[in-house]
Amino acid sequence: MVDWSSQQELILDSTVFLKFMHALSGLYFWEFVTSLDFEWGFFTGKKRFHYPAVFYFLNRYCLLFTMIGILIALDTTTEINCQSLYTFNQIMGQSASGLASINLSIRTMALWSHHRWIVIPIVVIILGHWSLILQGVLVKASWVEGQGCIVTGSNNTILAATFIYSMCFDLIILLLSMYKLVIGVKGGRSQLMTLLFKDGLVYFIIAFLSNLLATVFIMLNLNAIMSVIFNVPAAIFSTIVACRAVRRLTNFSTKGPEVFSSATGHSFRVAHPATTAASIGINPGMPGRGTIRHKSELSNGVHVQMQTFTVADEDHMSDYNSEGDTTKTKIADPEMGDAEISAEFKRPPY
């Protein structure tokens with residue numbers, strides 16, 4: 001039987017904690033650097049900046065500063081104020097977990113067309129989550145000569161409550177999204193809806209398991225080090241999958257035609273075709289402009305729809321596509337069958 005409170009065990013756990021944190025830091029730094037091109041798109045103007053991107057950037061950089069702070073605490077050989085540093089790491093790390101949940105909840109609110117009966121409860125849940133995150137000093141640390149900063153205690157009750165709250169929050173977000181993407185769809189799912197379904201499910205599984213593991217060790221309360229050893233992995237994995245989901249949605253582009261069945265027949269959608277002036281019949285009398293008028297034909301229960309669009313001057317109608325290029329034709333997004341997804345959501349606000 002292992003004596004988790006013995007000095008020998010504490011030294012061993014400290015060594016494991018040190019190596020584990022370095023490995024996790026390397027993982028997150030690699031993830032951060034390999035996705036910097038997404039940020040660069042905003043700085044160069046290739047991507048339009050919208051308010052949800054604020055939570056994306058806060059999520060990434062809060063965790064980045066947390067990992068830097070952890071490495072300083074573990075590797076410094078000069079005496080520092082360990083308590084202040086660990087308090088900073090704790091608040092920033094838990095903030096990263098909270099922001100990861102916010103990033104996914106924004107998608108869910110947009111999916112429900114920002115309906116007030118969905119938005120208000122989610123906002124209340126978010127406020128409750130942050131009331132736990134900002135509780136104050138939950139981890140105690142002190143400087144030990146020859147060893148550096150050592151975790152000496154933690155408030156396991158609040159830590160466990162925070163992680164359990166996160167799991168319940170993520171479950172609610174998943175259920176709301178799944179209802180809208182699966183049960184609430186009367187026709188076939190589009191490629192965008194399939195992407196949202198998969199990303200939401202993957203996020204929930206990874207975040208739930210990582211938070212569950214952290215909660216189990218907090219509740220076991222083996223010793224001060226083992227109680228918090230899995231808190232950092234929970235924040236890292238939640239942040240990685242949440243930020244990847246944001247990037248995948250922002251860079252999403254539909255490939256090929258899509259057909260949706262409905263109660264009145266079928267809707268046929270061609271997404272982002274290679275359009276030329278000749279193929280859409282530009283009126284020679286109106287240089288640089290041409291339209292296709294809306295027309296529908298009902299025959300044998302099949303309903304074919306063609307959306308109206310306009311080709312205009314390069315300076316006024318250029319649009320950014322998923323590859324980072326500018327195109328000279330802007331085609332309005334058609335409706336996605338009978339799925340009631342708002343236009344704001346179809347153009348991701350990131």
Side-chain angles (χ1 to χ4, degrees), residues 13 16-17 20-21 23-25 27-28 31 55-56 58-60 62-67 69-70 86 89-108 121-139 151 154-178 197-246:
D13 293 344
V16 172
F17 184 82
F20 191 34
M21 291 303 108
L24 291 173
S25 298
L27 171 66
Y28 185 69
E31 169 72 17
F55 298 102
Y56 170 84
L58 285 175
N59 194 179
R60 279 169 60 84
C62 277
L63 189 55
L64 176 66
F65 294 138
T66 299
M67 300 313 299
I70 289 175
Y86 267 85
N89 294 339
Q90 168 222 313
I91 294 176
M92 295 294 283
Q94 289 191 309
S95 296
S97 297
L99 289 164
S101 296
I102 289 177
N103 277 320
L104 270 295
S105 63
I106 289 175
R107 292 153 53 102
T108 301
I122 289 179
V123 171
V124 171
I125 294 173
I126 291 173
L127 292 177
H129 193 196
W130 280 85
S131 69
L132 289 174
I133 290 173
L134 301 176
Q135 277 291 316
V137 180
L138 302 179
V139 177
V151 177
S154 60
N155 188 333
N156 291 341
T157 302
I158 300 298
L159 285 174
T162 304
F163 283 107
I164 293 172
Y165 196 105
S166 297
M167 290 189 289
C168 295
F169 184 15
D170 293 338
L171 177 61
I172 292 172
I173 294 300
L174 176 71
L175 293 177
L176 288 173
S177 299
M178 294 306 99
F197 178 85
K198 290 181 178 179
D199 284 355
L201 189 60
V202 169
Y203 169 81
F204 173 76
I205 292 173
I206 294 177
F208 185 88
L209 292 178
S210 58
N211 287 332
L212 178 62
L213 184 61
T215 304
V216 168
F217 274 81
I218 289 172
M219 299 300 292
L220 287 175
N221 194 22
L222 300 175
N223 57 46
I225 297 173
M226 295 301 295
S227 294
V228 299
I229 192 170
F230 287 105
N231 293 7
V232 175
I236 288 178
F237 294 141
S238 297
T239 297
I240 288 177
V241 292
C243 290
R244 284 196 175 193
V246 170

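Note that the coordinates shown come from a computational prediction; the quantities given were computed from them, not determined experimentally. These values consider heavy atoms only, across backbone and side chains, with no hydrogens, waters or symmetry-generated copies. Positions are given from 1, in the same order as the sequence printed here.
The heavy-atom pair separating Asn59 from Ala96 by the smallest distance is ND2-O, 3.0 Å. When all heavy atoms of Arg107 and Gly200 are compared, the closest pair comes out as NH2-N, 4.4 Å. The shortest heavy-atom contact between Thr66 and Gly93 is OG1-N, 3.2 Å. Val228 approaches Ala224 most closely through the heavy-atom pair CG2-O, 3.6 Å. Nearest heavy-atom pair, Phe17 versus Ile225, reported as atom, atom and distance to 0.1 Å: CB-CG2, 3.9 Å. Of all heavy-atom pairs spanning Gly98 and Ile133, the tightest one is CA-CD1, 3.8 Å.
The CD atom of Gln94 sits 8.5 Å away from atom CG of Leu134, with the distance rounded to the nearest 0.5 Å. In this structure, OG in Ser227 is found 12.5 Å from CG in Leu138, a value given to the nearest 0.5 Å. His129 NE2 to Asp170 CG: the interatomic distance, rounded to the nearest 0.5 Å, is 7.5 Å. In this structure, CD1 on Ile122 lies 6.5 Å from CZ on Phe169, to the nearest 0.5 angstrom. Atom CG of Leu104 sits about 11.0 Å away from atom CZ of Phe204, to the nearest 0.5 Å. In this structure, the separation between CG on Leu171 and CG on Leu176 is 9.5 Å, given to the nearest 0.5 Å.
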For this session: Any chance you could lay out the side-chain contact (heavy atoms from CB on, under 4.5 Å) test for Phe217 and Leu213, step after step, and finish with the verdict?
Result: CA-CA 7 Å; Phe217 274 81; Leu213 184 61; 3.8 Å; yes
For this session: Carefully, step by step, assess Asn231 and Phe163 under the rule side-chain contact (heavy atoms from CB on, under 4.5 Å).
Result: CA-CA 9 Å; Asn231 293 7; Phe163 283 107; 3.7 Å; yes
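Residues Asn89 and Val139 fail the side-chain proximity criterion, which asks for heavy atoms closer than 4.5 Å. Counting only heavy atoms from C-beta outward, the side chains of Ile158 and Thr162 approach each other to under 4.5 Å. Residues Tyr165 and Ile125 have side chains in contact (heavy-atom distance under 4.5 Å, counting atoms from C-beta outward). Put simply, the side chain of Ser101 does not reach to within 4.5 Å of the side chain of Ile126, judged on heavy atoms. In this structure the side chain of Tyr56 never reaches within 4.5 angstrom of the side chain of Ile102, judged on heavy atoms.
By the 30° and 60° cut-offs, the orientation of the rings of Phe230 relative to Phe20 is perpendicular.
Side-chain atoms of Tyr28 come within 3.5 Å of backbone N or O of Arg60 as a donor-acceptor pair. Listed for the Glu31 side chain is no donor-acceptor partner under 3.5 Å among the backbone atoms of Ile240.
Not a single salt bridge (charged side-chain N to carboxylate O under 4.0 Å, His left out) links Asp13 to another residue, sequence neighbours left out.
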